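Because the structure is predicted, anything quoted here is derived from the model rather than measured. Below, all heavy atoms of this structure are taken into account, side chains as well, without hydrogens, waters or symmetry copies. All residue numbers in this chain count up from 1 along the given sequence.
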Amino acid sequence: MKTLIIVISLLIAVNMSLAQKKEIIDDNYKFQISLPADWKERIHEETKNKDAISYTFDRKDKKLSMLIIAFKLDAVKDINDLIYMIEKDINLNIPSRTGEYSDIQGEKFKGKIGEYKDMDFTETIYYIGTINTETTENYAYMIRFICDSKFNNPTVKNDITSIIESFKINL
């Protein structure tokens, strides 16, 4: 009987944690990402040419926000070119980088992580590019987390890690 109660309790806990996630699935740009239920979508825009899309989300307490920009590409994009293009985009107003990039790699992608900071905000930006050399279907992603510097703490970093670990490329 005790075992049955424990199993039922675990099932309820798992179902509750799954219900508290918000899944963002974009079949056109081949990615998905999970956000906690307390995050709200603010803006969702696609270019007229249908070659780029952006999503902006805010955590309920407004202490952390996230911007995703996804690009459709005909070839594998050099990650350094992607970074240069994004960092130089004046509309994005990215602050100064605080150190060297960290490399990341997965089965379907290569990327880099940059940390940025100014007087008001601390940012973590993930630059990710698919490495599908056998077709002309490739994608690049920028996932930008922006935190008010006075709220930048281990909890925020854990939230960022949890969200970014849910990011998947669906090629």
Side-chain angles (χ1 to χ4, degrees), residues 14 17-46 52-73 76-87 89 92-118 120-132 138-171:
V14 168
S17 70
L18 291 175
Q20 294 177 353
K21 293 285 185 182
K22 182 183 299 189
E23 287 288 324
I24 310 306
I25 301 171
D26 191 314
D27 293 327
N28 291 325
Y29 291 87
K30 307 295 186 203
F31 77 91
Q32 70 184 59
I33 194 165
S34 297
L35 299 173
D38 65 341
W39 283 67
K40 302 287 183 215
E41 185 174 345
R42 186 172 12 122
I43 301 171
H44 174 176
E45 297 178 309
E46 187 172 25
I53 195 165
S54 67
Y55 293 87
T56 305
F57 299 91
D58 295 308
R59 198 167 70 180
K60 185 180 178 180
D61 63 7
K62 305 278 189 201
K63 294 177 181 176
L64 183 61
S65 62
M66 179 180 71
L67 168 66
I68 300 173
I69 301 177
F71 303 92
K72 285 185 183 179
L73 306 169
V76 173
K77 179 83 169 166
D78 180 81
I79 205 70
N80 292 317
D81 291 345
L82 175 68
I83 291 169
Y84 180 82
M85 175 186 78
I86 290 173
E87 285 183 345
D89 187 328
L92 294 174
N93 195 26
I94 296 174
S96 299
R97 192 165 26 94
T98 60
E100 296 301 315
Y101 298 105
S102 300
D103 292 323
I104 54 174
Q105 186 166 346
E107 182 181 329
K108 299 176 184 177
F109 69 90
K110 284 186 178 181
K112 294 189 178 194
I113 306 167
E115 300 287 336
Y116 303 82
K117 191 171 184 162
D118 62 16
D120 299 316
F121 297 101
T122 301
E123 302 189 16
T124 303
I125 303 178
Y126 293 79
Y127 303 96
I128 300 169
T130 59
I131 50 176
N132 192 6
N138 276 279
Y139 300 86
Y141 309 93
M142 180 204 65
I143 306 170
R144 179 182 186 186
F145 294 92
I146 304 168
C147 177
D148 186 315
S149 290
K150 62 185 164 217
F151 300 114
N152 189 27
N153 59 47
T155 301
V156 166
K157 291 179 190 211
N158 288 338
D159 288 351
I160 291 170
T161 300
S162 172
I163 292 168
I164 203 67
E165 286 177 350
S166 76
F167 179 78
K168 291 181 181 45
I169 298 171
N170 299 323
L171 287 179

Close side-chain approach of L67 to S54, heavy-atom, < 4.5 Å: yes
Pairwise distance CG(N132) to CG(L73) - rounded to 0.5 angstrom: 11.5 Å
Stepwise side chain to side chain contact (heavy atoms under 4.5 Å, CB included) test for F145 and Y126: CA-CA 9 Å; F145 294 92; Y126 293 79; 3.9 Å; yes
Audit row: L35, M66, side chain to side chain contact (heavy atoms under 4.5 Å, CB included) steps and yes/no: CA-CA 10 Å; L35 299 173; M66 179 180 71; 3.4 Å; yes
Partner set under side-chain contact (heavy atoms from CB on, under 4.5 Å) for D103, not counting sequence neighbours: K112
Set of residues satisfying side-chain contact (heavy atoms from CB on, under 4.5 Å) with respect to E165, sequence neighbours excluded: T161
Closest approach of E46 to A52 (non-hydrogen atoms, all atoms of both residues): CG-O, 3.3 Å
Nearest-0.5 Å distance, CD of residue Q32 to CG of residue N170: 4.5 Å
Those residues that, when tested against Y141, pass ring-ring contact (aromatic ring centres under 6.0 Å, His included) (two or more places apart): F31, F167
K108 to L171 - nearest heavy-atom pair and separation: NZ-O, 3.6 Å
T98 (side chain) donor-acceptor with K117 (main chain) under 3.5 angstrom: no
By side-chain contact (heavy atoms from CB on, under 4.5 Å) - contacts of K157 (at least two apart): N152
Side-chain heavy-atom pair I79, K110 within 4.5 angstrom cut-off: no
Evaluation steps, side chain to side chain contact (heavy atoms under 4.5 Å, CB included), between I24 and F57: CA-CA 11 Å; I24 310 306; F57 299 91; 3.8 Å; yes
Closest approach of T155 to N153 (non-hydrogen atoms, all atoms of both residues): N-OD1, 2.9 Å
Side chain to side chain, C147 and T124, heavy atoms closer than 4.5 Å: no
Rounded distance (nearest 0.5 Å) linking atom CG of L92 with atom CD1 of I69: 5.0 Å
CD (E23) with more than 12 external heavy atoms under 6.0 Å: yes
Side-chain donor/acceptor of Y29 to backbone N/O of F71, under 3.5 Å: no
All pairs passing salt bridge (Lys or Arg N to Asp or Glu O under 4.0 Å) where residues 121-131 contributes a residue, at least two apart: E123-R144
Non-hydrogen side-chain atoms of Y55 and D26 separated by less than 4.5 Å: yes
Smallest separation among heavy atoms of E41 and H44, with atom names: OE2-CB, 2.7 Å
Spacing of I125 atom CD1 and E115 atom CD [to the nearest 0.5 Å]: 9.0 Å
Any pair counted as salt bridge (Lys or Arg N to Asp or Glu O under 4.0 Å), so long as it reaches residues 59-70, sequence neighbours left out: R59-D61, R59-D159
Y127 side chain reached by E87 side chain, heavy atoms, under 4.5 Å: yes
Distance in Å, N28 CG paired with I53 CD1, rounded so as to fall on 0.5 Å steps: 7.0 Å
Donor-acceptor pair, side chain of T130 and main chain of Y139, under 3.5 angstrom: yes
Interatomic distance, I164 atom CD1 to I33 atom CD1 [nearest 0.5 angstrom]: 5.0 Å
Close side-chain approach of L64 to F151, heavy-atom, < 4.5 Å: no
Contact summary for S166 and S34, nearest pair of heavy atoms: OG-N, 2.8 Å
